[in-house]
Number of protein chains: 2
Amino acid sequence: MNFDALSPEQIDRLRDKLRASGLRSTRPRLALAHLLFGAGNRHVTAESLHEEARKVGLGVSQATIYNTLNQFLSAGLLSEVIVDPARSYFDTNVTEHHHFFIENETRLIDIPLNEVVLSTVPDAPEGYDLAGVDVVIRLDRR
Amino acid sequence: MNFDALSPEQIDRLRDKLRASGLRSTRPRLALAHLLFGAGNRHVTAESLHEEARKVGLGVSQATIYNTLNQFLSAGLLSEVIVDPARSYFDTNVTEHHHFFIENETRLIDIPLNEVVLSTVPDAPEGYDLAGVDVVIRLDRR
DNA sequence: TTCCACTTTAGAACTATTCTAATATACTTG
DNA sequence: CAAGTATATTAGAATAGTTCTAAAGTGGAA
Ligand SMILES: [Mn+2]
Ligand SMILES: [Mn+2]
Ligand SMILES: [Zn+2]
Ligand SMILES: [Zn+2]
């Protein structure tokens with residue numbers, strides 16, 4: 001990981017983000033936070049993030065990838081998208097939104113909340129509270 | 001499995017269902033088909049169906065449970081519901097519909113298609129075809 | 001600088017699912 | 001209805017994503 005490419009301001013912003021979540025700002029966490037939050041919204045799997053880390057020369061174990069993703073998830077820095085029975089997707093977009101999922105490319109695309117209008121939704125059954133509404137639009141390459 | 005409880009007509013209907021899908025009507029398949037399709041729409045996991053089979057005295061291996069569920073899925077007799085990263089759910093309702101999912105009870109409830117109205121949905125990106133729209137409403141016990 | 005709580009890690013463990021290849025059964029054909 | 005053959009079932013091994021363990025390393029408070 002080339003930390004020279006990061007301005008001190010960027011590093012500080014990431015440090016603060018970790019601190020605010022009660023996480024020490026260690027080298028692996030800073031580097032992964034930079035990959036995840038450094039540019040726009042992203043969807044990653046543990047495997048894809050590990051591969052990406054390897055490519056930028058960051059020697060980080062698989063266990064750290066999983067630990068970090070789960071810690072960021074618990075801290076609310078990431079959300080989880082359940083679309084694929086074979087693996088977990090983590091999402092840097094933690095606001096409410098929906099997804100296109102391209103099955104054969106194992107790729108997710110965000111759909112902004114306002115682009116899906118649910119004009120009718122059933123009431124939650126008695127005794128249950130609404131925890132969230134997920135809309136997944138599955139796509140095939142033509 | 002007590003096949004005496006099944007009328008010859010019921011057995012014939014299940015046999016035909018298997019045949020129409022190119023599957024031989026074997027004892028395990030007939031018994032599982034009876035459990036799955038014998039009464040209303042159901043959502044099962046491999047584990048829950050195995051347990052249910054055991055309870056009715058049907059000695060069937062885990063491999064047969066998985067084989068049968070996957071064959072029924074391929075044949076279009078079942079659909080799959082992806083809501084839980086930890087296990088697969090199979091659904092005897094193969095018409096288009098949506099779901100409530102109660103996370104802590106690992107339980108699914110059908111939502112008829114007309115009870116969810118998507119008045120606005122984004123177009124599929126260029127080069128992709130729509131394969132399906134899944135709406136999952138996640139619930140917590142109050 | 002010291003110290004300790006927290007972090008990272010290699011590798012083992014775990015769990016849902018699939019695979020293998022041997023045995024058993026259903027259906028076809030004579 | 002008796003073989004014969006394709007298909008089905010099964011125990012157990014294998015696989016893959018993820019989590020756990022416990023030992024070595026590090027961040028930051030003081
Ligand atoms: Mn987790
Ligand atoms: Mn499958
Ligand atoms: Zn997203
Ligand atoms: Zn259903």
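The sequence lines fix the lettering, A, B, ..., with proteins before strands; numbering per chain opens at 1.
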State, yes or no, whether a side-chain contact exists between A:Leu78 and A:Tyr89 at a heavy-atom distance under 4.5 Å.
no
Quick one: label A:Gln62 by what it contacts on the DNA or RNA (base, sugar-phosphate, nothing), any heavy atom closer than 4.0 Å.
base
Go through the side-chain N and O atoms of A:His97 and A:Asn41 and say whether any donor and acceptor fall under 3.5 Å apart.
no
Could you check whether A:Ser88 gets within reach of a base, just the sugar-phosphate, or nothing at all, counting any heavy atom under 4.0 Å?
sugar-phosphate
Tabulate below the donor-acceptor pairs under 3.5 Å that side-chain atoms of residues 49-58 of chain B make, not counting sequence neighbours, or state none.
residue	atom	partner	partner atom	Å
B:His50	NE2	B:Val60	O	2.9
B:Glu51	OE1	B:Arg54	NE	3.3
B:Glu51	OE2	B:Arg54	NH2	3.0
B:Glu52	OE1	B:Arg42	NH1	3.3
B:Glu52	OE1	B:Arg42	NH2	3.1
B:Glu52	OE2	B:Arg42	NH1	2.8

What's the closest nucleotide to the side chain of B:Leu23 if the choices are C:dT8, C:dA5, D:dA8?
D:dA8
Are B:Asp110 and B:His43 close enough that a side-chain donor and a side-chain acceptor fall under 3.5 Å?
yes
Counting just side-chain N and O atoms, does A:Thr64 come under 4.0 Å of either OP1 or OP2 of C:dT9?
yes
Looking for any heavy atom pair under 4.0 Å, which part of the strands does A:Arg87 touch: base, sugar-phosphate only, or nothing?
sugar-phosphate
If you only use heavy atoms from C-beta on, which nucleotide in C:dT18, D:dT7, D:dT9 is closest to the side chain of B:Asn67?
D:dT9
Kindly say if A:Thr26 contacts the phosphate of D:dG25, meaning a side-chain N or O under 4.0 Å from OP1 or OP2.
no
Please determine which of A:Glu105, A:Arg142, A:Arg138 meets the side chain to side chain donor-acceptor pair (under 3.5 Å) test together with B:Tyr128.
A:Glu105
With the side chain defined as heavy atoms from C-beta on, A:Ala63 is closest, among D:dA6, C:dG11, D:dT10, to C:dG11
Side-chain N or O of A:Asn70 versus OP1/OP2 of D:dT18: is the shortest distance under 4.0 Å?
no
Does a nitrogen or oxygen in the side chain of A:Arg29 sit under 4.0 Å from OP1 or OP2 of C:dT7?
yes
Degree of bending in the helix from C:dT1-D:dA30 to C:dG30-D:dC1 once both end axes are built from five pairs, to 10°:
30°
Between B:Ser61 and D:dG12, is there a contact of a side-chain N or O with OP1 or OP2 at under 4.0 Å?
no
Applying a 4.0 Å non-hydrogen cut-off, can you work out what B:Ser25 is touching in the nucleic acid: base, sugar-phosphate, or nothing?
sugar-phosphate
Measure the shortest side-chain to side-chain distance between B:Leu69 and B:Val44 over non-hydrogen atoms and say whether it is less than 4.5 angstrom.
yes
Taking the nucleotide of DNA chain C with the nearest heavy atom to each, does B:Arg15 or B:Phe90 sit closer to the 5' end?
B:Phe90
Between B:Tyr66 and A:Thr68, which residue's closest nucleotide on DNA chain C lies nearer the 5′ terminus?
A:Thr68
For B:Arg19, report the nucleic acid contact type (base, sugar-phosphate, nothing); a contact means any heavy atom under 4.0 Å.
sugar-phosphate
